Structures are given as C-alpha cells and as structure tokens.
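As a basis for the values below, the full set of heavy atoms in this structure was taken, side chains included, without hydrogen atoms, waters or symmetry mates. Predicted, not measured: the structure shown is a model, and the values here were computed from it. Just follow the structure's listing: the first ligand is 1, and inside any ligand the first atom is 1.
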Amino acid sequence: MPPGLKGVAVTDTEIGDVRGLEGFYHYRQYSATDLAESRSLEDVWRLLLDGSLPADASARRAFQHEVRRQRSIPDPVRELLPGIAVTVRGAGPLDGLRTALSALGASEGFRPLWDVGAEERRRNLIRLIAVTPSLIAAIHRISHGLEPVEPDPELDHAANYLWMVSGSKPDPVPARAVEQYLILTVDHGFNSSTFTARVIASTGADAAAAVVGAIGALSGPLHGGAPSRALDTLDAIGRPDRAEAFLRNAISRGERIMGFGHAVYRTEDPRNAMLRRIAQQLGGELVDLAVEVEQTTLAVLADVKPDHPLYANVEFYAGVVMDRCGLPREMFTPTFAVSRVIGWCANIAEQAEQRQIIRPSARYVGPVPPQPVPPVQ
Ligand SMILES: CC(C)(COP(=O)(O)OP(=O)(O)OC[C@H]1O[C@@H](n2cnc3c(N)ncnc32)[C@H](O)[C@@H]1OP(=O)(O)O)[C@@H](O)C(=O)NCCC(=O)NCCS
C-alpha cells in the first residue's frame, strides 16, 4: 500500500470525485465550478444531501424553509458558549465548534447511526449543517466581548453567516463571493476529514460524533489550516520584489509554501482558478500582491522542485477572498467548516447506508514478539 493510502480507493461513492490529472472535480454528476457559477449554496446542499438539485422554485423554497428553521442554537448549548469562548480564546472558533457540536449532539439526543432510519438521520444531519455557522459566529463574537447575533430567516446561508459574524447586513457582492467560496469547498473527494467522518460513521456512532472527528482532521495545517498561513506568508513578503528571495530562503530551510501543492492535483487546482477570478473581481492591493506572488512562487517551485508539478491550491486565494469580504483571519478555517460540513454529512449518510465498518490493518515493524515480559522491579 502507498504511504498515507495515496490513490487507494477505499469505497464506492455517488457523492463526487476529483480528477487530479485533468484539474476537474464534481459533485454528483455536475462540475463543482459550474455549480458555483450559477447555483446557490442551499441548492448545492440539497444536491449533496438528497441527491438532486431542486426541480423548481417551489422545491427550492421548501428546502430553504426546512433548513433555515434549524439554525438556532439550543438553550443548553447557548449557556455553555461563554465558557467555551473563554476556554478556546487562544485556539479559535474551530476548537469551540468541535466542543459545542459535541454538546449539541448529546443535548438533542442524537442516537447512534446504527439505530436510526434515513429520516431521523437526515434530520440530524440538516441540524448539524444549519447550526454550524451560528455556533462559529457566536463563539467568535462572545470571545470578542460582543453579543451573538440571531440568524435572519430572510437571508440565505452565506449572507446569514456574514450577518451573524459582523452584525451588519452584507453587501451582495461580498456575500456572493463568500457563497461561491463555500460552494467550491463543500466536498472534495476522499480528503482526510471526509475519510475521518466516514470511519466514525462506519462504526455506527452518532452523526455529531462523526462531524466532531472530521473537524479535528480539518484543523491541521496540511488540510484546512492553511489559508491564514498563506495570508501570513503574503504579509511577510509584503512587496512583490521581495517574493523570490523570501521563497527561496523558506524552501532552503525545508519549509513548505502554504497554499501550494496538492495531494491529488497534478495541474492547476480548478478551485484556485475560480477563486483568483473572484478575488480579482473584488480587487485591491492584497489581490494584486497575491497574483504576483503566485506567479513568482510557481517559477521558484518549478526551479527547485522540477520533478514535482506544484501549483497554488484552494487555500491560496481563499484567504485573500475572505479577507476582502471582511472575515477575520481566525475565521478562515472555521469558514471552511461551514461548507465542508455539508460534504461530511452527505458522506456520513452514504456510509451509514453501507453498514460496513472501515477497519484496515497496519504492518507491525517493532521488536519481534513475543519477548518475555520483564519481572516487576
Ligand atoms: C498539500 C500537501 C500536504 C500535499 O502533499 P503531497 O502530495 O503529499 O506532496 P509531497 O509531500 O509528496 O511533496 C512532493 C514534493 O513537493 C514538495 N512540496 C509539496 N508541497 C510544497 C510546498 N507547498 N512548498 C514547497 N515544497 C512543496 C515536497 O517537499 C516534496 O519534495 P521532496 O520530494 O523533494 O521532499 C503539500 O503540498 C503541502 O504541505 N502544502 C502546503 C500546505 C497547504 O497548502 N495545505 C493545504 C492543502 S489544500
């Protein structure tokens, strides 16, 4: 087996796939970037969870109505939030989300997936997706000494998220930019956090347990923890003419350039291409710097790692777009969770249907057993 299970297909799925050599990925039968061009996040949510886009305006309204009613934070969890916000102050809202969703699953009596039917499972999954932005925004605001903002049922998922974070009604342009970012990151093949969610779901544990585990996997810098680091790199570079020396120094110290390279893509990441376009529509000095630094980084990486095709990944412009839309840096990875929880939940449902535990094995390479157990001294 290749290290890290790279390229190993561990299950069949109808949710989507990534074709790394072509630079293409899809949600069910549709190109994910086509969906991000023309559809709302709630449409894509329905596609992932229920298997189809809403057929008409009334189906769309019915789904919107159903999911918007599930946004409120329940009282037992609301009471915990000040304590959670203080406890995670240094770590940030993603750690707080992990704790709060764990409490929510328990307080709302989520039962093991093994024991529930499709309807109850779907209800639990919609609840987890709908409440995630509310929890992230509330923890963020409380940790900054602000009152949480109640969800607005008139606003769609992305605009409502911005509203709950900032407390002001978002302009349509940044709201759509964030919505497109969220659509682009809903799902992405068998990535580490999705695999984690499926492993936990495969044991028959409850849906909240599977999402909480996935959040842990997402938090790592090799997965979802890169966008703020990519922006930190842009800050450290500061001016385009400083980029080349900065990058060469970093690589010679054995560092990785955050926002570049990908486990699957061997050509341009299609999410990066679209996010660059969105960033350029938003405009600004930071965007101009990012475009120049991307070009310099590609040239430097091609020079120093000629055997590995390395391109910018989704994280490089994700931070730039979120920054231009007013989201603070500590909210970048939590915002990734706002969308990816939809992909996790679709995968949890699919895994639960399979009723098959994922239980691989490891090759033992330690001292030859059995050795005599030394006597107690
Ligand atoms: C995403 C990532 C983990 C994929 O890893 P991977 O496919 O396993 O790539 P590998 O670890 O096999 O790396 C292949 C080679 O390219 C180099 N490389 C990969 N990404 C690099 C980067 N961002 N900067 C510099 N070198 C990089 C590796 O050092 C390795 O070189 P070597 O063989 O000389 O040691 C990796 O590219 C990375 O760490 N990127 C930075 C973090 C990031 O942006 N994460 C968000 C992912 S969406």
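For H188 and H262, the ring centers sit closer than 6.0 Å to each other. Residues H65 and F63 keep their aromatic ring centres 6.0 Å or farther apart. For Y265 and Y311, the ring centers are positioned 6.0 Å apart or more.
Using a 4.0 Å cut-off to heavy atoms of K6, the atoms of ligand 1 that qualify are 6 (P), 7 (O), 8 (O), 12 (O). For ligand 1 and G259, the ligand atoms under 4.0 Å from any heavy atom of the residue are 43 (C), 44 (O). Residue-ligand proximity, L301 to ligand 1, at heavy-atom distances under 4.0 Å covers atoms 25 (C). For ligand 1 and M258, the ligand atoms under 4.0 Å from any heavy atom of the residue are 42 (C), 44 (O).
An N or O contact shorter than 3.5 Å is missing between E255 and ligand 1 by distance. Ligand 1 has no nitrogen or oxygen under 3.5 angstrom from a nitrogen or oxygen of V314.
Under 4.0 Å from ligand 1, the heavy atoms of R266 that appear belong solely to its side chain. The residue D307 has no part lying near ligand 1, judged by heavy-atom distances below 4.0 Å.
Salt bridge annotation for R141-E147: absent, with no cationic side-chain nitrogen under 4.0 angstrom from a carboxylate oxygen. Salt bridge absent: E244 and R239 never bring a charged side-chain N and a carboxylate O closer than 4.0 Å. Between R60 and D43, at least one side-chain N (NZ, or NE/NH1/NH2) sits under 4.0 Å from a carboxylate O, which counts as a salt bridge.
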Verdict with supporting geometry, L184 and Y25, side chain to side chain contact (heavy atoms under 4.5 Å, CB included): CA-CA 10 Å; L184 287 172; Y25 73 116; 3.4 Å; yes
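A heavy-atom separation below 4.0 Å is not found between H188 and ligand 1. Under a 4.0 Å heavy-atom criterion, P221 is in contact with ligand 1. Ligand 1 lies nowhere less than 4.0 angstrom from a heavy atom belonging to V304.
Between the R271 side chain and the T185 main chain, no donor and acceptor come within less than 3.5 Å of each other.
Among pairs with a residue in residues 163-174, those fulfilling salt bridge (Lys or Arg N to Asp or Glu O under 4.0 Å) read D152-K169, at least two apart in sequence or across chains.
Looking at T185, I257, L247 and measuring to atom 23 (N) of ligand 1, the nearest heavy atom belongs to I257. In this comparison of H223, H308, R256, the heavy atom closest to atom 39 (O) of ligand 1 sits on R256.
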